[in-house]
Amino acid sequence: MFCLFAPNVHTGGGFVLLNSMLAAWPESLPCIALLDRRAERVLMIPPQVEAVWCDRSLISRLKAEYFARRRMQKGDTVFCFHNLPPLFRSRAKVYCYIHNRYVLGTVSLSDAVLWVKFRVFLERSIARLFQVNVDRYIVQTPTMKRDLIAWMRRRPRKSGDAPIDIMPFVDLTNVEIATNGSKLCWDFIYVADGSGHKNHRRLFEAFRLLAEEGHRPTLAITVSEDDFALLSALDELRSTFHLNIVNLGQLPHREVLARYRQARAVIFPSYAESFGIPLIEATKAGRPIIAGELDFVRDVCVPVETFDPLSEVSIARAIKRFLFGTADPIELQSSKQFVRSLIEMSAIES
């Protein structure tokens with residue numbers, strides 16, 4: 001018997017992977033899946049999977065933890081798909097799938113709002129305090145394995161570190177179908193929610209810098225209407241600098257796939273990903289990728305241009321290189337020219 005433990009997985013890349021895993025679950029293997037009720041209308045549950053829905057509350061989460069502890073016996077397997085170990089030691093084998101770098105403390109929270117900082121602090125504490133309940137960790141990339149090893153070494157558990165397996169998976173069967181015959185609508189598209197590490201604000205600033213130089217490329221983003229502060233900042237920049245940025249809102253995954261070939265390229269300024277599913281999907285859709293020069297990017301794709309994701313100037317320059325083949329490097333003087341200019345400047349001001 002398997003227990004797929006996935007409360008709080010209801011959006012983003014984690015949801016995409018969860019849905020594809022449920023669709024691929026073998027008919028002959030019974031499974032109990034503890035799932036987030038917010039995903040109840042969109043998750044496809046096969047007959048061999050018994051779904052138990054968890055509400056977004058502490059009491060509901062504790063009930064789910066106790067349910068998994070009570071139902072699973074020796075010889076069974078609990079697969080924790082929500083990044084965290086179980087709170088109760090299980091008689092079954094426990095595999096923990098880490099797909100959130102926040103949990104490992106490798107991502108700065110400076111851009112996060114207060115409640116996100118508190119939630120991440122709580123998740124990091126649970127990951128550390130209850131790591132003894134994990135028999136094996138699973139990650140998607142070599143970068144995540146290095147981060148997890150470093151996290152373990154900061155405070156090793158007495159029983160020894162659990163083994164780590166790199167097991168990347170993603171379902172790309174629908175990408176080519178969904179993107180076939182799409183018309184070009186934008187220069188760039190950025191498929192991401194409005195989380196701080198997705199780096200939208202620096203991306204907007206890069207487009208502002210381009211507008212000040214007379215360049216106004218088009219960009220489509222997929223931010224939820226609930227991200228009021230981010231969208232308000234975008235509205236202000238759009239009205240002041242006439243930026244050509246359109247928000248498509250939060251889209252169903254199949255519709256996201258259809259959008260890739262509607263853009264000349266995919267831009268990806270996020271600075272903290274465990275996997276980067278849009279990068280993989282964009283590659284499958286045949287779209288050029290402009291992204292940060294970061295390990296997780298190189299794990300899964302080959303970008304045509306890269307930049308420093310913490311610099312809006314670097315992002316703007318990468319966009320110009322892609323669009324125009326140049327980023328206008330500064331002109332250099334010889335030493336003789338510099339001295340002549342210095343003397344002329346001094347003569348004028350004296």
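For clarity, every value in this text was computed on a predicted model and none was experimentally measured.
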Check: residues 300-308 side-chain donor-acceptor pairs under 3.5 Å, at least two apart:
from	atom 1	to	atom 2	distance (Å)
E305	OE1	R321	NE	2.8
E305	OE1	R321	NH2	3.4
T306	OG1	E293	OE1	3.1
D308	OD1	L310	N	3.0

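We find that E205 and R201 are not joined by a salt bridge, their nearest charged nitrogen and carboxylate oxygen being 4.0 Å or further apart. Of the charged side-chain nitrogens involved, none lies within less than 4.0 Å of a carboxylate oxygen, so that R69 and E65 do not count as a salt-bridged pair. Classification of R298 and D295 as a salt-bridged pair fails, no side-chain N sitting under 4.0 Å from a carboxylate O. The existence of a salt bridge linking E212 and R208 is confirmed by a sub-4.0 Å separation between a basic side-chain nitrogen and an acidic carboxylate oxygen.
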(request) Report the C-alpha distance between K198 and E273 in whole Å, list the side-chain angles of each, state the deciding distance to 0.1 Å, and finish with yes or no for salt bridge (Lys or Arg N to Asp or Glu O under 4.0 Å). (result) CA-CA 9 Å; K198 300 296 184 179; E273 299 291 325; 2.7 Å; yes
(request) Step by step, work out the side chain to side chain contact (heavy atoms under 4.5 Å, CB included) result for I277 and L17. (result) CA-CA 9 Å; I277 291 177; L17 294 179; 3.6 Å; yes
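Without hydrogens or angle criteria, S224 side chain to D226 main chain gives a donor-acceptor distance under 3.5 Å. At distances below 3.5 Å, not a single donor-acceptor pair connects side-chain atoms of E255 with backbone N or O atoms of P252. When atom types are taken as modelled, the side chain of D193 and the backbone of V223 share no donor-acceptor pair closer than 3.5 angstrom. The main-chain N or O of M167 is never found under 3.5 Å from a side-chain atom of D165 such that the two would form a donor-acceptor pair. Judged purely by atom type and a 3.5 angstrom limit, W25 uses its side chain to pair as donor or acceptor with the backbone of L29. Using a distance-only test at 3.5 Å, with no hydrogens or angles considered, a donor-acceptor pair links the side chain of R157 to the main chain of Q131.
F2 has its side chain out of reach of D76: every pair of non-hydrogen atoms, C-beta onward, lies at least 4.5 Å apart. L323 places none of its side-chain heavy atoms less than 4.5 Å from the side chain of H215. At a threshold of 4.5 Å between non-hydrogen side-chain atoms, the residues F130 and P86 do not count as touching. Under the 4.5 Å side-chain criterion, counting only non-hydrogen atoms from C-beta, T11 is in contact with Q250. Side-chain atoms of R101 and M144, non-hydrogen and from C-beta on, do get closer than 4.5 Å to each other. Looking at C54 and D36, their side chains never come closer than 4.5 Å, going by heavy atoms from C-beta outward. Counting only heavy atoms from C-beta outward, the side chains of N199 and S270 never approach each other to under 4.5 Å.
For the pairing with D187, the salt bridge (Lys or Arg N to Asp or Glu O under 4.0 Å) check across R264, K320, R216 returns one residue only, R264.
For the residue pair Q140 / S274, no side-chain donor-acceptor distance below 3.5 Å is found, with atom types taken as modelled. Residues Q73 and R91 bring a donor and an acceptor atom of their side chains to less than 3.5 Å of each other. Neither side chain, S314 nor R317, offers a donor N or O lying under 3.5 Å from an acceptor on the other.
Put simply, L22 and I138 are part of the same group of oily side chains (I, L, V, M, F, W, Y) that touch within less than 4.5 Å, one to the next.
Note that CE of M152 is 8.0 Å distant from CD1 of I149, once rounded to the nearest 0.5 Å. Taking CD1 from I245 and CH2 from W186, the interatomic distance works out to 13.5 Å, rounded to the nearest 0.5 Å. If you take CD on Q333 and CZ on F338, they are separated by 7.5 Å, rounding to the nearest 0.5 Å.
For the pair R287 and Y260, the cation-pi criterion (under 6.0 Å, within 45° of the ring axis) is not fulfilled. W151 does not carry R124 over the face of its six-membered ring by the limits of under 6.0 Å from the centre and within 45° of the normal.
A centroid separation of less than 6.0 Å is found between the aromatic rings of H99 and F81. Proximity of the aromatic rings of Y97 and H82 is defined here by a centroid distance below 6.0 angstrom, and this criterion is not met. Between F322 and F188, the distance separating the two ring centers is shorter than 6.0 angstrom.
Taking the six-membered ring where tryptophan is involved, the planes of Y190 and H200 are tilted, since the angle between them lies from 30° to 60°.
Applying the salt bridge (Lys or Arg N to Asp or Glu O under 4.0 Å) test to residues at least two apart or on different chains, the pairs with a partner in residues 47-60 are R37-D55, E50-R71.
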